[in-house]
Amino acid sequence: MRYLFLLFYSSSLFASAISINVGETKAVFNRFAIPNTSEDRVTLPVDDTLVSYRLTGFFYLESGNQFYFLIAPLATSYTFNSEKNFEFDDENFSADTETEVEYKFNSYRLGYLWKWNLQSLSFWTGIVGKVRDAQIKVSQESISRKFNNIGFVPLAALGFEYNLFHNISLYSHTDALTASQGSAYDSQVELRLNMKNAAISFGKRILGGGADNDKVYNFAQFDTYYAGIIYKF
């Protein structure tokens with residue numbers, strides 16, 4: 001969290017607006033197999049929740065369009081007894097053995113948004129470059145293997161903000177892409193209480209997607225209820 005506030009301070013030196021939110025995140029599902037075979041597929045338990053946070057910065061242009069960046073770390077762990085023998089990253093793991101899985105899915109994005117303003121509605125569309133920093137680590141007793149997956153993903157963006165009342169608005173933004181070998185989606189909807197130079201928000205976010213290729217299978221979805229603050233410079 002200290003790292004997040006340092007980023008908030010440094011970003012405030014040149015950004016037009018900064019948004020920070022903190023929420024409770026729960027996995028809806030999380031399945032993986034490395035190598036990609038049905039025999040080695042592991043379905044993780046989804047009972048626990050974790051605290052997550054993210055930072056978004058906006059840079060307003062004279063044209064009314066904007067750049068934005070996003071820093072969204074996500075890391076959690078699972079402990080369970082494996083129901084079957086399975087292979088993970090060239091290592092064999094046993095059934096009926098306590099298994100620990102450390103799961104990381106950090107997301108860093110930079111996007112450009114074209115924005116249009118009507119009387120009580122603004123909406124936008126855009127393009128986004130996402131860097132995915134993912135890792136799965138599986139451990140049993142003295143055995144441990146981890147698989148890192150760092151890559152670039154292009155996304156499309158779409159969103160709107162609608163003024164419901166004098167100082168209350170409904171805001172939504174989605175970054176997403178689907179292809180034959182995988183998908184990625186990050187969609188949020190929130191209510192905002194707008195003030196002169198700031199806003200308070202409460203909302204829900206759905207983050208998910210995954211890959212299905214010759215080597216890797218992993219699909220997961222995480223739902224988050226969050227509260228946030230937006231400060232405009």
Side-chain angles (χ1 to χ4, degrees), residues 1-7 22-55 70-109 129-153 155 175 177-186 205-226:
M1 185 64 75
R2 182 183 301 176
Y3 173 65
L4 184 66
F5 282 106
L6 287 174
L7 285 171
V22 180
E24 183 179 73
T25 297
K26 181 177 177 61
V28 179
F29 59 85
N30 196 342
R31 302 181 287 267
F32 68 87
I34 305 171
N36 186 356
T37 66
S38 57
E39 295 82 6
D40 296 308
R41 189 168 300 176
V42 176
T43 299
L44 295 171
V46 293
D47 295 331
D48 295 336
T49 61
L50 66 141
V51 175
S52 63
Y53 57 90
R54 58 173 51 189
L55 175 73
L70 172 73
I71 299 171
L74 177 65
T76 186
S77 61
Y78 306 82
T79 301
F80 60 99
N81 285 336
S82 174
E83 298 179 350
K84 62 181 181 181
N85 299 322
F86 66 94
E87 181 184 344
F88 176 79
D89 197 28
D90 300 324
E91 184 67 64
N92 293 315
F93 292 84
S94 302
D96 300 319
T97 304
E98 183 175 274
T99 306
E100 182 178 3
V101 174
E102 297 177 28
Y103 187 88
K104 179 180 74 172
F105 193 88
N106 297 336
S107 181
Y108 308 96
R109 297 177 217 162
K130 169 184 172 179
V131 175
R132 175 191 63 245
D133 176 19
Q135 182 187 94
I136 300 175
K137 180 180 179 181
V138 181
S139 301
Q140 276 188 355
E141 298 175 341
S142 60
I143 302 173
S144 182
R145 298 287 291 182
K146 65 180 178 181
F147 181 84
N148 294 301
N149 188 350
I150 299 175
F152 175 81
V153 181
L155 302 173
D175 293 336
L177 180 73
T178 183
S180 59
Q181 291 190 323
S183 63
Y185 52 91
D186 185 352
R205 179 173 60 252
I206 299 174
L207 171 69
D212 183 3
N213 54 49
D214 293 339
K215 186 174 183 180
V216 175
Y217 177 93
N218 178 218
F219 282 90
Q221 179 176 308
F222 296 88
D223 288 5
T224 302
Y225 290 94
Y226 65 87

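Note that these values count all heavy atoms, side chains included, but never hydrogens, waters or copies made by symmetry.
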I'd like to know if the side chain of Gln140 pairs up with that of Thr99 as donor and acceptor (distance under 3.5 Å, no hydrogens or angles considered).
yes
Supply the atom-to-atom distance Ile150 CD1 to Asp133 CG, rounded to the nearest 0.5 angstrom.
4.5 Å
Counting only heavy atoms from other residues, nucleotides and ligands, does the tally under 6.0 Å from NZ of Lys137 exceed 12?
no
To the nearest 0.5 Å, what is the distance between CD (Gln135) and CZ (Phe147)?
10.5 Å
Across all chains, not counting sequence neighbours, the salt bridge (Lys or Arg N to Asp or Glu O under 4.0 Å) partners of Asp212 are none
Check whether any side-chain heavy atom of Ile206 lies under 4.5 Å from a side-chain heavy atom of Val28, and answer yes or no.
no
I'd like to know whether Val138 forms a side-chain contact (heavy atoms from CB on, under 4.5 Å) with Ile136, so could you lay out the CA-CA distance, the side-chain angles of the two residues, the decisive distance to 0.1 Å, and finally the verdict.
CA-CA 7 Å; Val138 181; Ile136 300 175; 4.2 Å; yes
Once side-chain contact (heavy atoms from CB on, under 4.5 Å) is applied, do any residues pair with Ala72, and if so which ones, sequence neighbours excluded?
Arg54, Leu70, Ser107
Contact summary for Pro35 and Asp40, nearest pair of heavy atoms:
CG-OD2, 3.8 Å
What is the distance from atom CD of Glu98 to atom CZ of Phe80, rounded to the nearest 0.5 Å?
10.0 Å
Who passes salt bridge (Lys or Arg N to Asp or Glu O under 4.0 Å) against Lys26, sequence neighbours left out?
none
Rounded distance (nearest 0.5 Å) linking atom CG of Asp48 with atom OH of Tyr78:
8.5 Å
Look at atom CG of Asn213 and say whether more than 12 heavy atoms of other residues, nucleotides or ligands are closer to it than 6.0 Å.
yes
Within 6.0 angstrom of Phe29 CZ, more than 12 heavy atoms from elsewhere:
yes
How long is the gap from OG1 on Thr224 to CG on Leu74, to the nearest 0.5 Å?
7.5 Å
Looking only at the side chains, is there a donor atom on one of Ser183 and Thr178 sitting less than 3.5 Å from an acceptor on the other?
no
Might you point out which heavy atoms bring Leu50 and Ala75 nearest each other, and give the distance in Å?
CD1-O, 3.3 Å
If the threshold is 4.0 Å, N to carboxylate O, is there a salt bridge linking Arg109 and Asp175?
yes
Using a 3.5 Å cut-off and no angle test, enumerate the donor-acceptor pairs between side-chain atoms of residues 84-96 and protein atoms at least two apart in sequence or in another chain.
residue : atom : partner : partner atom : Å
Lys84   : NZ   : Glu39   : O            : 3.2
Lys84   : NZ   : Arg41   : O            : 2.7
Asn85   : OD1  : Ala95   : N            : 2.8

Residues in side chain to side chain donor-acceptor pair (under 3.5 Å) contact with Thr76, at least two apart in sequence or another chain
none
How about Glu100: does its CD atom have over 12 heavy atoms from other parts shown lying under 6.0 Å from it?
yes
Let me have the donor-acceptor pairs involving side chains of residues 215-222, under 3.5 Å, with sequence neighbours excluded, atom names and distances please.
residue : atom : partner : partner atom : Å
Asn218  : OD1  : Tyr103  : OH           : 3.0
Asn218  : ND2  : Asn30   : OD1          : 3.4
Asn218  : ND2  : Arg31   : O            : 2.7
Gln221  : OE1  : Tyr185  : OH           : 2.8
Gln221  : NE2  : Asp223  : OD1          : 3.1

